[in-house]
K.L.:
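Pasting a structure below so you can have a look.
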Amino acid sequence: MIIFKQSVIQYLDELVLVLYINEYFGYIESAELFVDKLTDYINEHIITFPARKTPLKIKYLGSKYMFYKSNQRTTWYIFFEQKDTNFVITNIINSNSKEVKWL
């Protein structure tokens with residue numbers, strides 16, 4: 001089972017608007033599709049992706065993480081907690097975030 005924390009769901013909803021408003025995508029539907037691809041990737045790969053342990057300095061984001069390279073310039077880091085085959089997605093950041101320096 002994969003659960004997204006409410007704060008992550010809110011972040012993803014806001015991300016659609018940010019991507020559209022900042023003209024990363026010309027249509028709101030394209031921004032929605034991008035976020036859908038990100039969440040699909042998480043749902044499809046979290047069980048098999050070789051998760052990494054989060055460094056202590058940013059462990060508040062989640063104890064493990066995986067990544068998704070959406071294009072040549074941007075990588076998304078997905079933080080989560082895991083117990084057996086249950087996952088809770090706790091945070092998502094991208095390669096422009098200040099916390100990336102610890103990864």
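Throughout, numbering of the chain's residues begins at 1 and tracks the sequence. Because the structure is a prediction, the values reported are computed rather than measured.
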K.L.:
Measure from the ring center of Y41 to the ring center of H45 and say whether it is less than 6.0 Å.
P.N.:
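Yes - the distance between ring centres of Y41 and H45 falls below the 6.0 Å cut-off.
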K.L.:
Taking atom NZ of K69 and atom OG of S95, what is their separation to the nearest 0.5 Å?
P.N.:
7.0 Å
K.L.:
Atom CD1 in I93, atom CD1 in I58: separation rounded to 0.5 Å?
P.N.:
5.5 Å
K.L.:
Tell me, please, which residues at least two apart from K5 pass side-chain contact (heavy atoms from CB on, under 4.5 Å).
P.N.:
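side-chain contact (heavy atoms from CB on, under 4.5 Å) list for K5, sorted by chain: S7, V8, V88, T90.
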K.L.:
Closer than 3.5 angstrom, by distance alone: can the side chain of N22 be matched with the main-chain N or O of Y24 as a donor-acceptor pair?
P.N.:
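No; judged by distance alone, with no hydrogens or angles, the pair does not exist.
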K.L.:
Determine whether T39 and L12 make a side-chain contact, defined as any pair of heavy atoms from C-beta on separated by less than 4.5 Å.
P.N.:
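They are in side-chain contact.
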K.L.:
Between F49 and F67, is the ring centroid distance below 6.0 Å?
P.N.:
yes
K.L.:
Using a 6.0 Å cut-off, check whether atom OH of Y20 has over 12 heavy atoms from anything other than its own residue.
P.N.:
no
K.L.:
Is there a path of hydrophobic side-chain contacts, each under 4.5 Å between heavy atoms of I/L/V/M/F/W/Y residues, joining L33 to W76?
P.N.:
no
K.L.:
Measure the spacing between CD1 of I46 and OH of Y68 and express it to the nearest 0.5 Å.
P.N.:
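So the gap between those two atoms works out to 15.0 Å.
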K.L.:
Determine whether I3 and N86 make a side-chain contact, defined as any pair of heavy atoms from C-beta on separated by less than 4.5 Å.
P.N.:
no
K.L.:
What's the shortest heavy-atom distance between S30 and F25, and which atoms?
P.N.:
CB-CD2, 3.7 Å
K.L.:
Can you check side chain to side chain donor-acceptor pair (under 3.5 Å) on Q10 and Q6, steps first, answer last?
P.N.:
CA-CA 6 Å; Q10 183 176 346; Q6 186 60 40; 5.6 Å; no
K.L.:
Passes side-chain contact (heavy atoms from CB on, under 4.5 Å), V35 versus D13? Steps please.
P.N.:
CA-CA 8 Å; V35 171; D13 287 344; over 6 Å; no
K.L.:
A quick test of your reading: do over 12 heavy atoms of other residues, nucleotides or ligands sit less than 6.0 Å from NZ of K57?
P.N.:
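No - once you tally the heavy atoms of other residues, nucleotides and ligands closer than 6.0 Å, there are 12 at most.
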K.L.:
In the structure I gave you, are the side-chain heavy atoms of M1 and T85 within less than 4.5 Å of one another anywhere?
P.N.:
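A side-chain contact under 4.5 Å is absent here.
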K.L.:
How close do M66 and I42 get, heavy atom to heavy atom, and via which atoms?
P.N.:
CE-CA, 4.5 Å
K.L.:
Measure the CG-NZ distance between D40 and K37 for me, rounded to the nearest 0.5 Å.
P.N.:
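Spacing of CG (D40) from NZ (K37) equals 9.5 Å.
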K.L.:
How long is the span from the CD atom in E32 to the CG atom in L15, to the nearest 0.5 Å?
P.N.:
11.5 Å
K.L.:
Do I9 and F79 sit in one hydrophobic cluster, given that two such residues count as connected whenever their side-chain heavy atoms are within less than 4.5 Å of each other, even indirectly?
P.N.:
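The answer is yes; both residues are in one hydrophobic cluster.
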K.L.:
So, Q82 side chain and D84 main chain: donor-acceptor pair closer than 3.5 Å or not?
P.N.:
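The answer is yes, because a donor-acceptor pair under 3.5 Å joins these two groups.
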K.L.:
Using ring centroids (six-membered ring only for Trp), state whether Y65 and F80 fall under 6.0 Å.
P.N.:
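F80 vs Y65: aromatic centres not under 6.0 Å.
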K.L.:
Do the non-hydrogen side-chain atoms of L19 and F34 ever get within less than 4.5 Å of each other?
P.N.:
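Yes, at least one pair of side-chain atoms sits under 4.5 Å.
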K.L.:
Out of curiosity, K64 NZ to E81 CD, how far, rounded to the nearest 0.5 Å?
P.N.:
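Spacing of NZ (K64) from CD (E81) equals 9.0 Å.
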K.L.:
State, to 0.1 Å, how close I47 and F87 come at their nearest heavy-atom pair, and which atoms those are.
P.N.:
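The pair with the smallest heavy-atom distance is CG1-CE1, 3.7 Å.
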K.L.:
If I compare all heavy atoms of I89 with all of I92, which pair ends up nearest, and what's the gap?
P.N.:
CG2-CG1, 4.3 Å
K.L.:
Would a distance-only check, ignoring hydrogens and angles, find a side-chain to backbone donor-acceptor pair under 3.5 Å from S70 to T74?
P.N.:
yes
K.L.:
Compare all side-chain heavy atoms of F4 with those of N43 and state whether any distance is below 4.5 angstrom.
P.N.:
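Contact flag for F4/N43 side chains = yes.
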